Amino acid sequence: MARNSGRVGDPPPPPEPLAVPAVDAHCHLDLMDASVDEAIAAALAVGITRMVTVGIDLPTSRWQAEIAAAHPEVRAAVAIHPNEAAAGVDEATFEALTALARADGVVAVGETGLDYYRTPPEQHAAQQESFRRHIAIAKDTGRALMIHDREAHEDTLRILAEEGAPERVVFHAFSGDAEMAKVCADAGYVMSFAGNVTFKNAEALREAAAIAPQELLLVETDAPYLTPVPWRGRPGGPYLVPLTLRLLAQTRGTAVDEFAAAIAANAERTFGPW
């Protein structure tokens, strides 16, 4: 299912390998310019030994589950992305998604949530209904809930409270400020930071990362998107996690090895062992 990512330029060179293995909590292996085997090999070479690949609709979710079944380094998340859900999701799709979420190797229902950046107000209700259904699927299947929240913090938190959040909730590519991080921490929600935390204009994100409890942190690439500096805009991959992880460790005043070990432990608590 490999498709061109739309990123421009050559892939960045590999960063210095981590001494302690870590995890990419969110990527899209179907959108890589490289093959799955190549993406995994590049990640392993720099100490990223595990990764979660994420679906955005039923076909891509099925693909992610198949890849997870075939590669021990990979686990899958399955869902209808909020932008895909904006026009409505039929019952048969929700039923198929529920069955898929139970498959071996699937560890999360995601990415689901709300995206008010790309969706006009008249489609917010459809997104919200889909989000509620995904919350129910996560609770029914015992999977973590992986949330896409873009310019919709208030409604995302409100719906989680109204529906009753699953035991494990991850805010993918966390986009809130320090105050949002405090709210998530109080609720026990995991915050996953992507390469955009390295961007020059992301001071609010770095402030959030600095105050979030270490046990509620993950690192991700959202690859091939959100490639960290100095390679912003270039096609990313799980092998670039070390760049973001090192920036986060520096921001928090934590040793890189200690932080990598914590991220790996957090990923196992959130998604289960693999």
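Here the structure is a predicted model, which is why all the values come from computation and not from measurement.
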Decide whether [X] and [Y] meet the rule of one side-chain donor and one side-chain acceptor closer than 3.5 Å.
X    : Y    : result
T98  : D140 : no
N196 : Y225 : no
D57  : H81  : no
T60  : D30  : no

Polar side-chain atom of [X] near backbone of [Y] as donor-acceptor pair, under 3.5 Å:
X    : Y    : answer
R132 : I159 : no
T198 : V229 : yes
E129 : A126 : no
N266 : L218 : no
D222 : C27  : no

What's the verdict on salt bridge (charged side-chain N to carboxylate O under 4.0 Å, His left out) for E268 and R50, showing C-alpha distance, side-chain angles and the deciding distance? CA-CA 10 Å; E268 190 154 316; R50 293 172 285 173; 3.3 Å; yes
Could you tell me whether [X] and [Y] make a salt bridge, using a distance below 4.0 angstrom between a side-chain N and a carboxylate O?
X    : Y    : answer
R118 : E151 : no
E66  : R62  : no
K139 : E167 : no

Pair E258-R252, salt bridge (charged side-chain N to carboxylate O under 4.0 Å, His left out): steps then yes or no: CA-CA 11 Å; E258 175 190 333; R252 295 175 58 83; over 6 Å; no
Spacing of OG1 belonging to T119 relative to CD belonging to Q128, to within rounding of 0.5 Å: 11.0 Å
What orientation do F174 and F193 show, parallel under 30°, tilted 30 to 60°, or perpendicular over 60°? tilted
